[in-house]
There are 2 protein chains.
Amino acid sequence: MSVGEKPLPRAERRRRTEGRILGAARDLFAEVGFERTTIRAVARAAEVDPALVMQYFGNKQELFQQAVRVTPAAPTGLDAEEVVEHLLGTLNVKMGELPQGSLAMMRSMLTHPEAAASARRTLGEQIDRLALSLPGEDARLRAALMTMILVGVTVGHQLLELDELRGVSQEEIARALRPALRALGGPEVS
Amino acid sequence: MSVGEKPLPRAERRRRTEGRILGAARDLFAEVGFERTTIRAVARAAEVDPALVMQYFGNKQELFQQAVRVTPAAPTGLDAEEVVEHLLGTLNVKMGELPQGSLAMMRSMLTHPEAAASARRTLGEQIDRLALSLPGEDARLRAALMTMILVGVTVGHQLLELDELRGVSQEEIARALRPALRALGGPEVS
């Protein structure tokens, strides 16, 4: 039975339209930043009516929030060692080709309060998940440091394009960074 | 002999005027970002003629470059252990009150190509200095990772104001981060 035989269910149609809007939003936010992206331009790129974008997402900040939520979420139930490898894995993903959502968030988070609020929420959720996998009383602090280390290295590699990071392979970066993340993954050193 | 007895030497007068211009530029870049800062506004804040700003600094990008160059430079001749403590020290400085120059650079570096170019130069110089203190063939890579870790943590604490970092003391952050930086400061782990 092919998809063409009967019309898609309403929920599936909506899911696809939302996906198209989010894709268009992600590209525009990444390209021109939060401030210069308009609901109208997103609607045009997604080939829908602007009113539909508002109906689905409410406002530009909510659209931004949804659009940047694409970083692969840390699975729960990992131990500290597995968390380090998961983070190094996302780094490889980011270095190969930074997802448009992350790019959009990072480009805008330091200059626009709404984008900063979204970044705070998205990073906060990641920190919560990571902290579940870390031992010790200061697990949330160490999860936050691990998260910001990844952000910092990604900014240096992908947005600032530092020679020292562009000139080496992803494997070399992971190998150099692994002991540092492991040091944060262990129980508190007193 | 008081300063008032005779006019200041020309070089000293110029040094003071340059300092006043840089201070005004730093405040404006930090407050409104690269794009919206004008030579005219800097001149007005420093109480000098715009032509003088151009004569001393050439253009806005050069002015930006000079204005953000205030992060305390890593002294040379340190060993790897001392480098870690120096970096943790600058983190404390940044967390207490981020210097306006660093704030200006970080706010603008992801959205404006000229600011990104300046950040690349400034961070590159810091990486060069740090690498001199680190052993191993990949000293520059590890110096770059240490530098971007500090940038990432500072962004999380100072610009995004993550709860997990704001809710703890600078000493706790330094204690949690120290083993990670030490892991990067040592010779290559094979």
Side-chain angles (χ1 to χ4, degrees), chain A residues 32-35 103 106-112 115-117 119-120 123-124 127-128 131 136 138-157 159-168 172-173 175-186 188-190, chain B residues 32-35 103 106-112 115-117 119-120 123-124 127-128 131 136 138-157 159-168 172-173 175-186 188-190:
Chain A
V32 303
F34 183 86
E35 197 167 38
L103 190 60
M106 291 195 199
R107 278 229 186 274
S108 298
M109 70 185 180
L110 301 187
T111 35
H112 298 293
R120 206 176 293 126
L123 295 172
I127 291 166
D128 286 343
D138 60 349
R140 284 176 62 82
L141 168 58
R142 283 181 291 117
L145 291 173
M146 289 169 111
T147 298
M148 293 317 297
I149 284 175
L150 270 286
V151 169
V153 172
T154 305
V155 164
H157 187 280
L159 299 179
L160 296 179
E161 304 188 351
L162 295 179
D163 291 339
E164 292 79 6
L165 298 178
R166 302 294 278 194
V168 298
E172 283 176 271
I173 292 175
R175 191 177 54 181
L177 199 54
R178 183 174 287 112
L181 292 177
R182 280 194 181 150
L184 276 164
E188 189 183 352
V189 182
S190 60
Chain B
V32 303
F34 183 86
E35 198 168 38
L103 190 59
M106 291 195 199
R107 279 227 185 275
S108 299
M109 71 185 179
L110 300 188
T111 36
H112 298 294
R120 206 174 294 125
L123 294 172
I127 291 166
D128 286 344
D138 61 349
R140 284 176 63 83
L141 168 58
R142 284 181 292 115
L145 291 173
M146 290 169 110
T147 298
M148 292 318 296
I149 285 174
L150 269 288
V151 169
V153 172
T154 305
V155 163
H157 187 280
L159 298 179
L160 296 179
E161 304 188 351
L162 296 179
D163 291 340
E164 293 79 6
L165 298 178
R166 302 294 280 193
V168 298
E172 284 176 89
I173 292 175
R175 192 177 54 180
L177 199 54
R178 183 175 286 111
L181 292 176
R182 279 194 182 150
L184 277 164
E188 189 181 353
V189 181
S190 59

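Order of the sequence lines fixes the chain letters, A, B, ..., with proteins taken first and strands second; residue numbering starts at 1 for each chain.
Closest approach of Ala176(A) and Leu184(B) over heavy atoms only: O-CD2, 3.3 Å. Listed here is the closest heavy atom pair of Ile127(B) and Leu162(A): CD1-CD1, 3.9 Å. When all heavy atoms of Leu141(B) and Glu172(A) are compared, the pair lying nearest together is CD2-O, 3.8 Å.
For Leu160(B), the parts lying near chain A are the backbone and the side chain together; criterion is any non-hydrogen pair under 4.5 Å. Ala116(B) touches chain A through backbone and side chain together, each having a heavy atom under 4.5 Å away.
Ranked by heavy-atom pairs under 4.5 Å with chain B, the list Arg182(A), Glu161(A), Arg178(A), Arg140(A) is led by Arg140(A). Your options are Val155(B), Val168(B), Leu123(B), and the one with the most heavy-atom pairs under 4.5 Å with chain A is Val155(B).
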Practice item. Show your working on side-chain contact (heavy atoms from CB on, under 4.5 Å) between Val151(A) and Val151(B) and close with a plain yes or no. Key: CA-CA 9 Å; Val151(A) 169; Val151(B) 169; over 6 Å; no

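The line from CD1 of Ile149(B) to CE of Met146(A) is 11.0 Å long, rounded to the nearest 0.5 Å. To the nearest 0.5 Å, atoms CD1 (Ile173(A)) and CZ (Arg142(B)) are separated by 13.5 Å. Atoms OG1 and CD, from Thr147(B) and Glu164(A) in turn, are 8.5 Å apart once rounded to the nearest 0.5 Å. In this structure, Leu159(B) CG and Met109(A) CE are separated by 8.0 Å, a value rounded to the nearest 0.5 Å.
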